[in-house]
Structure formats: structure tokens, C-alpha cells
Amino acid sequence: MRSLRTKMVMIMVLLILALMTVVGSFLINGVGNYYIEDFYVQMEQTFSQDFISQLQALAATDDGPGQMKQLLMSRSELGIDLSRRNVYILDSQGQVLDSSNQSSSVSITSNILQAMNGEVGQSVSIASNIMDLAVPIQGGSEDYIVYVLDNKDTVNALTSRLFSIILQSLVLGLGICVVLAFLLSQILITPIRALTAGTRQVAAGEFSQSLDVTSRDEIGMLTRNFNHMSQVLQSTISQVENERNKLSTLFLHMTDGVVAFGPTGQVIHHNPAASRMLSRSLSGEEAFDGIFGREASFEKLLTLKRSEYLECQKRVGDRELELFMAPFSADKTGGGVMVVIHDVTEQRKSEQTRREFVANVSHELRTPLTNVKSYAETLLDAGDDLPPELKRNFLSVIVSEADRMTRIVKDLLTLTKFDYGKMEMNITRFPFAEAVKNVHQAVALDAKNHRHTLTLTCPADLPAIHGDRERIEQVIMNIVSNAIKYTADGGQIDITAGTRGDQVFVNVTDNGIGIPEKDLPRLFERFYRVDKARSRESGGTGLGLSIAKEILTQHQGDIQIESVYGQGTSVTVTLPAAREEARETP
């Protein structure tokens, strides 16, 4: 690769060569043309009409050719030099009759041929080595041709001299040109070398360096622009790095999975969420067909437009995954496919729960409404024909079903208030032991009616708690009522209260029908009931434990249920005890 210095020297040499060639050509051609034009100007001035008349008069004499030669030789305007210009007197056939150099012959030229035809021959060629003029002279009975010949020796000698001078000037100019080219190239190359070193540092990632500006010309302006470019690049790359770090952090910690495939279908990027959702380790060896081949075609995805995407579903174990697939352009050589994975397992469960909730509410309300309608229509149709006792029983059923619907609506309103955070709590400090005892007294008669043995173990010195007393008693009442309902007549129900560290608890244990192990995780779901038939017979709605859970959550409490199917159930409610109030010193 040629350096800038070599290129500049070559350009300057070529410039001088071209300049000297043009100047030399113009000078040489100008000198030749000048001598040719001067010759013919002299000939035109000499061979005036009067002079031609004189030649014609001499041609009619006995010694016409000799007399004409003497007249021609006497004309100073001709400037005849026998060494280069010769005068010939020719007959009409071109034969020499007399000449200034005593030559007996002459070459027939185009001008002589033109004079033989009766016209003045004065054509010239720059390439010819002679200049000549042929003038026809009519002398009585004979026709003559006056022929003047110049051999261009002076022109050729001057041209040679000019060529020598031009050649010498060319050599001198080339020497000066080379020296100036080296000096100029040194002036230009020094800052360019600095710029070259600076660009290498920028290419290596060093943007903080700044070049010295040593001039105010274009090179100096280029250096200043380079320094500004380095600063802008440093700022831009810093911003890009920050954005990349943000995107990298987002990519790594986002909950949705992202997998990018290259143009050949191989994994090129993925985040931890994608590996977790797909339950597999993703690497560059994994291919699209091996992961999502059943859901979509990789080749078809590559043909989609940038605004188009494909949505599909995939199930991995217990996970329900929603996939969004779209092509992207990676570089000029090809693109790829980006897959965004969204875990909709909980969403599907929520939708299922919502559908079940709506179905349960509809079912729970439809049953008492159907009963109310049936008994009311019977009363309406029968009128006074029904016995008073039967009518009273029918009305009792209607009132009972209305109360059941009222409880369902009331429980639903309670849960709705919890969901929207609008449940108002009347928080006070109250003795936990009294709340437990009140519940025991309230259910004692119901337990007696079922011939249950109901025991209470409650220390009198139980700490007080902060909370809504009515709600807490509602929770305990719900638990004890369930124990009474789901224990066969003549069973054993024990209520035990106590403390555990800084918490108080109440435990309700029975020897009833128990709860199957598979049903334990779902006990707190709304409308969920283990024995639906028996629950409806006993007036249950399946909302009691859901409400109890919500109330305890509002009080930072907890509820635990342990059960063995066919042997009994143990339910424990735990609440934080209130701190002891500081006593005033007397």
C-alpha cells in the first residue's frame, strides 16, 4: 500500500510533466507556425500585382528566365539566403530553367502542381520539412513558374533548442517538486498520523483521549471534530451501557420467560424465568423444534411480518403456559424468533374458581328459592283447603329458606367487604377468656340437644387481645358449630384455650366424621364443602371457614386444621396477645 507521501510526490511529478508537456507543445507548435506564417507573409508582400507584372514583362524577353531570376534576387524583401532559401524558374512542365543554387532539378510538390494548373501554390503542412511557394507567370508565348523553397532548417534548429530548454526546466522542476512534495506531505502527515493513532485508541474503546489542535485549517477543524466525536461517543456508549444494564437486569429478573432463537433455530438468549417455566436447562444446543415444535413451525414464523405474531398454549407439568412468538431481525445475514412465555396457571385457577364461585352462588340461592316458590305456589293454589297445621309447616319452611338465603347474602357481603378492604373493625382491648366462655355458653344447648359431651378448659388469667370482639367470637362460634354439626350424636367436643409465648390460642377437638386428607388444602375456598349433601341438610353454605380466615388475617392471626378421616378433627386459632399496659406509679 502506497503512503500518502509517495502519492503526493507522484501527483506533483505528474502535474509538472503534464504542465511542461503542454507548455512545450504550445511553444514548439507556436514557433513552427510563426516561421511558416512569416514566410508566406513575406511572399505575399513580395509578389504584389506590380511585381508579378514586372516578372511577366521580363518573361517575354529573350532571356526571360535569367532576367526574372535577377529581379527576384534583387528583392531584399525575400531575404534570400542561399543556404536555406532557393529561387527556381521552371517551365510549364516543371523543368528547371534557372535557379539561385545552379540546381538543374527540383522535386515536384503539390504547390508546383497547383501552379501548373494556373493557380498560385501556397499550401503548407506542419509535418512537412519544407516551405515553398509556386507562382505561375505568363510571358508571351511561354509560361513560367517562379518557385521559392525554404528547407525549415532554422525552424528545426530553434525547435530542438526549445526542446532542450524545456527538458532542462522539466528536470529542475521535478527536483523542486519532489522537495516541496516531501515538505508538504510532512506538514499534512504529522496531524494525520496523530488522528490515525487517535482512531485506533477509539476503536480499542479509549474515548477519554484528546488530540492537540495545532492549526486552524481543515486539518485543525478535523482534529477538533474528532475530539468532539470522541466525547459524544463516550457519552453515547455510557448511555447505551446503562440502558443495556437496565435491560439485562429486567431480562434476568422479569417474571415472564423470554427465549430468542437464531436463524438456524438454535437458542441464542434466554432468561432464568424461561428455564424455570419450561422445567429444562436451555443452552445453545437446544433447538426450537425440540422445545416448541409441537406448538408452531419455525420456518412459518420466519415468514411472518414484523407486526405479526403467533399465540399458542403449552402445558409443562402442572403449569399452563401462554406463548407469544414473533420474528425479529438480528443482522443483515438473517433473523430469528423471539418467544415470550407467560405463566397463566394461577390465572386459569382463578378463572376456574370464579366460575365455580358463580355456579355455587347460583346453586345455593336457587335451591332455597325453588323451595320458597314451591311452598308459596302450593299455599296459593290450595288456599283455605290446607289444614292449619300443614299451612303453618309450609310457612315455617318458607321462613327457614328465606333465613338461609339471608345468611348466604350476608356472608357474601362480608367476603366482598374483605376483598375490597371496606370491612370496618371495632378494635378494642378485651379479655380473650371471656370471648371463649361466651361461645361455650351459646352452643351448650345445641350440644346438649345432640347429646354431645362439651368440655371447656380456659385459664382465668389468659392475656387480653386487641381486636373486634364480635368478629373473634364469630370465628370461634363457626368452628364449634361445625364440630357439633359434623359429629354424630353422643360425641365428644373439647374446647381448650391457653397461651404460647406472646400468643393466645383456642383449640376445638371433636371425634366426628373427620375430613379426608385430599380435602384439607381446599377447606378455606369459598363454597367448598367436603360433604355437600350433609352440609345442605345442616344449612351450611361453605363460606364459614373462608370468612374465619379473612377475619383472622385482619387480626394478624392464624388457623390450623388437623383431621383424620373417620376419627375426628382438631382446629386451632392463634392470635397475638395484647401487651401489658404500664401501671402508674403512686
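Throughout, residue positions are numbered sequentially from 1 according to the sequence presented. Computation of the quantities below employed the complete heavy-atom set of this structure, encompassing side-chain atoms and omitting hydrogens, waters and symmetry-equivalent molecules.
Using a 4.5 Å heavy-atom threshold, the side chains of Asn511 and Thr487 count as touching. Put simply, the side chain of Asp318 does not reach to within 4.5 Å of the side chain of Thr345, judged on heavy atoms. Contact check for Asn393 versus Glu389: side-chain heavy atoms found under the 4.5 Å cut-off. Counting heavy atoms from C-beta on, the side chains of Leu545 and Asn482 come closer than 4.5 Å. Between Leu552 and Val573, the closest side-chain pair of non-hydrogen atoms falls below 4.5 Å. In this structure, Arg276 and Arg319 have side chains that are in contact, with non-hydrogen atoms separated by less than 4.5 Å. Ile493 has its side chain out of reach of Val443: every pair of non-hydrogen atoms, C-beta onward, lies at least 4.5 Å apart. Between Ile484 and His450, the closest side-chain pair of non-hydrogen atoms falls below 4.5 Å.
Of the possible donor and acceptor atoms, none in the side chain of Asn478 sits under 3.5 Å from a partner among the backbone N and O of Gln474. The backbone N or O of Val504 lies less than 3.5 Å from no partner atom in the side chain of Thr499, so there is not a single donor-acceptor pair. Remark: side-chain polar atoms of Ser396 are not paired, donor with acceptor, to backbone N or O of Arg392 under 3.5 angstrom. Not one N or O on the side chain of Ser235 forms a donor-acceptor pair closer than 3.5 Å with the backbone of Gln231.
Residue Glu322 holds its CD atom at 7.0 Å from CD of Gln347, rounded to the nearest 0.5 Å. To the nearest 0.5 Å, the span separating CG on Leu321 from CD on Glu295 amounts to 9.0 Å. Residue Arg348 holds its CZ atom at 10.0 Å from CG of Asp343, rounded to the nearest 0.5 Å. Atoms CD1 and NZ, on Ile291 and Lys314 in that order, are 8.5 Å from each other to the nearest 0.5 Å. Atoms NE2 and CG, from His555 and Asp468 in turn, are 5.5 Å apart once rounded to the nearest 0.5 Å. Distance check, rounded to the nearest 0.5 Å: CG of Leu304 to CG of Leu310 gives 7.0 Å.
Looking at residues two or more places apart in sequence or on another chain, you find a side chain to side chain contact (heavy atoms under 4.5 Å, CB included) between Leu456 and Val436, Lys437, His440, Cys458, Ile495. Phe292 meets the ring pair (Phe, Tyr, Trp, His ring centres under 6.0 Å) test with Phe288; sequence neighbours excluded. Residues passing the salt bridge (charged side-chain N to carboxylate O under 4.0 Å, His left out) test with Glu434 are Arg469, sequence neighbours excluded. Applying the side chain to side chain contact (heavy atoms under 4.5 Å, CB included) rule to Asp494 yields the partners Thr455, Gln492; only residues at least two apart in sequence or on another chain are considered. Under the rule for a ring pair (Phe, Tyr, Trp, His ring centres under 6.0 Å), Phe430 has no partner lying at least two apart in sequence or in another chain. For Phe505, there are no ring pair (Phe, Tyr, Trp, His ring centres under 6.0 Å) partners two or more places apart in sequence or in a different chain. The side chain to side chain donor-acceptor pair (under 3.5 Å) check on Arg244 picks up Glu241, with sequence neighbours excluded. In terms of the side chain to side chain donor-acceptor pair (under 3.5 Å) criterion, residue partners of Ser563 (sequence neighbours excluded) are, by chain and number, Thr569. Lys305 meets the salt bridge (charged side-chain N to carboxylate O under 4.0 Å, His left out) test with no other residue; sequence neighbours excluded.
Screening residues 369-407 for ring pair (Phe, Tyr, Trp, His ring centres under 6.0 Å) gives Tyr375-Phe394 as the qualifying pairs, with residues at least two apart or on separate chains. Note on residues 256-274: pairs passing side chain to side chain donor-acceptor pair (under 3.5 Å), not counting sequence neighbours, are Asp256-His342. Residue pairs meeting the salt bridge (charged side-chain N to carboxylate O under 4.0 Å, His left out) criterion with at least one partner in residues 562-571, sequence neighbours excluded, are absent.
Atom CZ of Arg294 has 12 or fewer heavy atoms from other residues, nucleotides or ligands within 6.0 Å. Taking a 6.0 Å sphere around CG of Asn245, one finds it holds more than 12 heavy atoms contributed by other residues, nucleotides or ligands. Surrounding CD of Gln313 are more than 12 heavy atoms belonging to other residues, nucleotides or ligands, all under 6.0 Å away. Within 6.0 Å of CE on Met221 lie no more than 12 heavy atoms contributed by other residues, nucleotides or ligands.
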When you look at Asp519 and Tyr565, which way does the side-chain contact (heavy atoms from CB on, under 4.5 Å) test go after all the steps? CA-CA 10 Å; Asp519 294 318; Tyr565 185 64; over 6 Å; no

I would like to know whether Phe261 and Val267 meet side-chain contact (heavy atoms from CB on, under 4.5 Å); could you show each step before the answer? CA-CA 5 Å; Phe261 297 90; Val267 174; 3.5 Å; yes

side-chain contact (heavy atoms from CB on, under 4.5 Å) between Ile559 and Phe524, intermediate numbers included: CA-CA 10 Å; Ile559 180 172; Phe524 298 105; 3.5 Å; yes

Report the C-alpha separation of Met229 and Leu233 in whole Å, then their side-chain angles, then the decisive distance to 0.1 Å, and conclude whether the side-chain contact (heavy atoms from CB on, under 4.5 Å) test is met. CA-CA 6 Å; Met229 180 193 69; Leu233 278 176; 4.1 Å; yes

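Side chains of Thr509 and Asn507: a donor-acceptor N/O pair is present below 3.5 angstrom, by distance only.
Minimum interatomic distance between Ser281 and Glu286 (heavy atoms only, all atoms of both residues): O-OE2, 3.7 Å. Across all non-hydrogen atoms, the minimal contact from Lys518 to Pro521 is O-CD, 3.5 Å. Here the shortest heavy-atom pairing between Ala444 and Leu454 reads CA-CD2, 4.0 Å. Taking both residues in full, the closest heavy atoms of Met477 and Ala442 are given as CE-CB, 3.4 Å, listed atom of the first, atom of the second, then distance. In terms of heavy atoms, His452 sits closest to Gly490 at ND1-N, 3.6 Å. His466 and Ala578 make their closest contact through CD2-CB, 3.4 Å (heavy atoms, listed as atom of the first residue, atom of the second, distance).
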